[in-house]
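A short worksheet on the structure shown next.
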Protein chains: 2
Amino acid sequence: MRKYDLVKIFKALADHTRQEILSLLSKEEMNVTDICSGFKTSQPTISHHLQILRNCDLIDQRRDGKNIYYCVRQEIINDVFGTVVRKMRIKVEIRKK
Amino acid sequence: MRKYDLVKIFKALADHTRQEILSLLSKEEMNVTDICSGFKTSQPTISHHLQILRNCDLIDQRRDGKNIYYCVRQEIINDVFGTVVRKMRIKVEIRKK
DNA sequence: TTCTCATATAGACATATTTATATTTGTCTA
DNA sequence: TAGACAAATATAAATATGTCTATATGAGAA
């Protein structure tokens, strides 16, 4: 089982803008311009946040012509949170319908 | 359902010392002196980290004479991670025996 | 009350983080 | 190839964080 740097990952998650970006990307892949349109923040700042998320493998990217599309790496997120939940003896409730 | 400040909570979790403290406290309650003995860090620094953890309700404290004992607030942690897991559509694997 | 132990608070300092503006790189199209 | 557009990188400023030493507070013991 792969080893994760939990400090790095929690740091990446510890920012409102990055939480929002992850939330957007968890629904569909998006390019930087599209992501930017949801924020007051400048494009270089959003790019910077994307690099931080990419740096701990929470998101992935692919180029399509001029655009670069980002998406959540769901398998990594599942894995990381699985590790944390077991390590901290967390009981996660089943969601009500 | 109670509202949590996830930025604050992830910030609190995004530090190696605090992760270690939580790990220790998840096994048994401890006072500051005992916690300190497991670290190279100074007592005021450990106290500072405890304040940060307490500030987002991840731990609780009780005084017993000269000592102050700290413990994990497991119900809060379960609740927070439950929220995150649902919000981010995370699938947590069942632990193998 | 005075001493001592346990813990918290204050202040200072170095480093890290967030954000912006300016610029560069990469890719398509005319 | 030149121009336009998408995105990344460089640099700098403001703010936040982690850590220390020194000091204060709080509680039991003498």
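Every chain is numbered from 1 and lettered A, B, ... according to where its sequence line falls, protein lines coming before strand lines. Values below: every heavy atom of this structure, side chains too, minus hydrogens, waters and symmetry copies.
Taking each heavy atom of B:His16 and A:Val7 in turn, the nearest pair found is N-CG2, 3.6 Å. Scanning both residues, B:Asn55 and B:Lys8, for their nearest heavy atoms gives OD1-CE, 3.2 Å. Considering all non-hydrogen atoms of both residues, A:Lys91 and B:Asn78 come closest at N-OD1, 3.0 Å. Nearest heavy-atom pair across A:Ile9 and A:Cys56 is CG1-CB, 4.0 Å. The minimum heavy-atom distance between A:Lys11 and A:Arg18, with the atom names listed, is O-NH2, 3.1 Å.
Along DNA chain D, read 5' to 3', the first and last nucleotides having any atom under 4.0 Å from a heavy atom of chain A are D:dC5 to D:dT9.
With 3.5 Å as the limit, one finds a donor-acceptor pair spanning the side chains of B:Ser47 and B:Gln43.
The side-chain contact (heavy atoms from CB on, under 4.5 Å) test with A:Ser26 is passed by exactly one of A:Ile21, A:Ile77, A:Val72: A:Val72.
Shown for residues 55-70 of chain B: residues whose heavy atoms fall under 4.0 angstrom of DNA chain C, namely B:Gln61, B:Lys66, B:Asn67, B:Ile68, B:Tyr70.
B:Phe39 and B:Val32 fall within the same hydrophobic cluster, defined by Ile, Leu, Val, Met, Phe, Trp and Tyr side-chain heavy atoms under 4.5 Å apart, directly or through other members. There is a path of hydrophobic side-chain contacts, each under 4.5 Å, that joins B:Val92 to A:Leu13.
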Distances for protein N/O vs nucleotides 17-24 of chain C N/O pairs under 3.5 angstrom?
unit_1: C:dT17; atom_1: OP1; unit_2: A:Lys11; atom_2: NZ; d: 3.4
unit_1: C:dT18; atom_1: OP1; unit_2: A:Arg18; atom_2: NH2; d: 3.0
unit_1: C:dT18; atom_1: OP2; unit_2: A:Arg18; atom_2: NH1; d: 3.3
unit_1: C:dT19; atom_1: OP2; unit_2: A:His49; atom_2: NE2; d: 2.6
unit_1: C:dA20; atom_1: OP2; unit_2: A:Ser42; atom_2: N; d: 3.2
unit_1: C:dA20; atom_1: OP2; unit_2: A:Ser42; atom_2: OG; d: 2.9
unit_1: C:dA20; atom_1: OP2; unit_2: A:Thr45; atom_2: OG1; d: 2.6

side-chain contact (heavy atoms from CB on, under 4.5 Å) evaluation trace for B:Leu25 with B:Cys71: CA-CA 5 Å; B:Leu25 294 181; B:Cys71 65; 5.7 Å; no

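The separation between B:Ile46 atom CD1 and C:dA8 atom P is 11 Å, rounded to whole Å.
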